[in-house]
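First comes the structure, then the notes that go with it.
Quick note: numbers below take in every heavy atom, side chains included, and nothing from hydrogens, waters or symmetry partners. Order of the sequence lines sets the chain letters (A, B, ...), proteins ahead of strands, with each chain counted from 1.
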Amino acid sequence: MIRNENAQLYTVEGIASAMLLVLVVIFVVKAAPMTPNTSSAAHQYLAAQLETQGQDLLIILDYTPEGSLNSPLKQAILDWRGVQFEGQSPVRPQSVNYTASILKEVMGDAGIAYNLELSFDTHTGVATYGMLWNGKPSDNAVTVSRKIILHDDDGVVATDKIPDMDSNATRFYNIVDVRLTLWRM
Amino acid sequence: MNITIIMSIIRKIQNDAGQVSLDYLTGITIFILAFIFLYNILNSLLLPFQYNSDEVKPLAERAAIILAESSDGLAASATSPNIIDETKIIQLNSDLNDPVIYSDKRAKLGLVNGNLKYNMNVSLRYFNYSLYPNSSNPLMSGGAIPNDYTNVGQTIRVVYLSQDSKPLMLLVKVWI
């Protein structure tokens, strides 16, 4: 019986095969290319989360605290001088800088890249300008937007970029569609 | 004792037909133990196949929406979502840290469905994940604590604490 070797799996072989199995699975799991841009069911969930956070952020930036005339986002649009700020270049004036610093704190420091664009109607069609620019978004970027209404007496600085769309008939000036594009780096 | 009886006993011992050898048993046991070991060390491996793997995400999302956007939650008023009120936060924090009110509170946030009672944890943090303080304690860190091997649904909402004029993040975790 001891010498009979029929239908046996040796213990050492069992251990060896078990070790191989463990190593192969660990290797496959570690080696699978799960980058932030990998398309998967989990990715759709992450994109939805990113969209929620972006929308939340625009809502917060457009909140007018008690004692303030405008929300920080609206003030930034009013004070904007029509310049696109690339990457980490110094942002001026102060209200635009505030918006930039909030975006950096909430998104940039969490590994999320962002572009902030302003889109509005002009006499020659819709124009879109970058306000804060961090490069070309990846294919699965998320864009959220919020509309800001400007009036004549708000005092828009970049009048050469953002025109008054109804001359002086009413106090209406223009509607700016603020677009925030977010993607994971 | 008769020699023929002894011979028949020896023959019975030598007969190994229809047996599973002990070596094989040992080998297959190690093989199965390897699987159990794998499951334990890489518990996310089988996560997509667990029955509750997907529902905790929308549950966390729903609870977070109620907290961030509704005046029944933390929002200061129904017309200003994401602007949260400090008094409401302090109230929710003490509610979630009281075991009796906790189960009542999670039912109100839609986390009790018949016998299925989901656990939740709500915290208010800076964007570097450190807890927002209220003197020496965190202002909002309430509910149960998930263990390391649970499938947790997590939603982050960006909120604005008007008393401090500061954007913060509201972390809502839900698990079974």
Side-chain angles (χ1 to χ4, degrees), chain A residues 1-26 28-30 34 40-42 44-46 48-50 52-68 71-72 98 101-110 112, chain B residues 13-39 41-42 44-45 47-48 53-54 57-58 60-61 64-65 68-69 76 80-84 126-129 153-163 165-170:
Chain A
M1 181 194 168
I2 291 170
R3 286 185 179 171
N4 184 354
E5 296 177 356
N6 289 334
Q8 286 191 349
L9 184 69
Y10 285 105
T11 311
V12 176
E13 284 173 344
I15 292 173
S17 60
M19 292 288 280
L20 274 175
L21 185 85
V22 170
L23 288 174
V24 164
V25 174
I26 289 177
V28 167
V29 169
K30 299 277 181 203
M34 285 296 290
S40 69
Q44 286 176 14
Y45 177 67
L46 289 175
Q49 287 255 305
L50 206 54
T52 309
Q53 283 182 48
Q55 200 69 63
D56 282 353
L57 194 58
L58 286 183
I59 290 172
I60 284 168
L61 282 171
D62 195 24
Y63 171 70
T64 313
E66 256 177 75
S68 305
S71 69
Y98 176 77
S101 67
I102 295 278
L103 274 167
K104 185 178 183 302
E105 186 188 353
V106 178
M107 300 296 176
D109 293 350
I112 299 164
Chain B
I13 291 170
Q14 284 180 333
N15 180 5
D16 54 11
Q19 287 188 346
V20 180
S21 99
L22 283 175
D23 274 3
Y24 173 71
L25 275 180
T26 317
I28 203 76
T29 307
I30 291 167
F31 189 80
I32 290 168
L33 281 175
F35 258 116
I36 295 170
F37 168 74
L38 263 181
Y39 177 75
I41 202 160
L42 300 167
S44 61
L45 200 66
L47 211 54
S53 62
D54 286 330
K57 289 176 187 170
E61 216 148 277
I65 286 171
E69 296 180 15
S80 57
N82 297 57
I83 313 301
I84 56 171
Y126 289 112
F127 289 100
N128 63 7
Y129 282 85
Q154 173 181 284
T155 297
I156 296 173
R157 297 301 301 253
V158 183
V159 293
Y160 182 88
L161 185 63
S162 45
Q163 277 86 350
S165 312
K166 221 174 155 42
L168 297 165
M169 64 182 190
L170 186 73

Positions in residues 103-110 of chain A that reach chain B, provided some heavy atom is under 4.5 Å away:
E105(A), V106(A)
If every non-hydrogen atom of S17(A) is compared with every non-hydrogen atom of F31(B), which pair is closest and at what distance?
OG-CD1, 4.2 Å
Between I156(B), T26(B), I65(B), the one whose heavy-atom pairs under 4.5 Å with chain A are most numerous
I156(B)
Tell me, side chain or backbone of I83(B) under 4.5 Å from chain A's heavy atoms, or both, or neither?
side chain
Hey, which of D56(A), L57(A), L58(A) is the one that makes side chain to side chain contact (heavy atoms under 4.5 Å, CB included) with N82(B)?
D56(A)
Is Q49(A) in contact with chain B via its backbone, its side chain, both, or neither, using a 4.5 Å heavy-atom distance?
side chain
Identify the heavy atoms of I60(A) and V158(B) that sit nearest to each other, and give their distance.
CD1-O, 3.2 Å
Please examine the side chains of Y160(B) and I59(A), heavy atoms only from C-beta on, and report whether any two atoms are closer than 4.5 Å.
no
Crowded around F35(B) CZ? As in, over 12 foreign heavy atoms under 6.0 Å?
no
Please list, chain by chain and in numerical order, all residues satisfying salt bridge (Lys or Arg N to Asp or Glu O under 4.0 Å) with E69(B), sequence neighbours excluded.
R157(B)
With a 4.5 angstrom heavy-atom cut-off, is it the side chain or the backbone of Q154(B) that approaches chain A, or both, or neither?
backbone
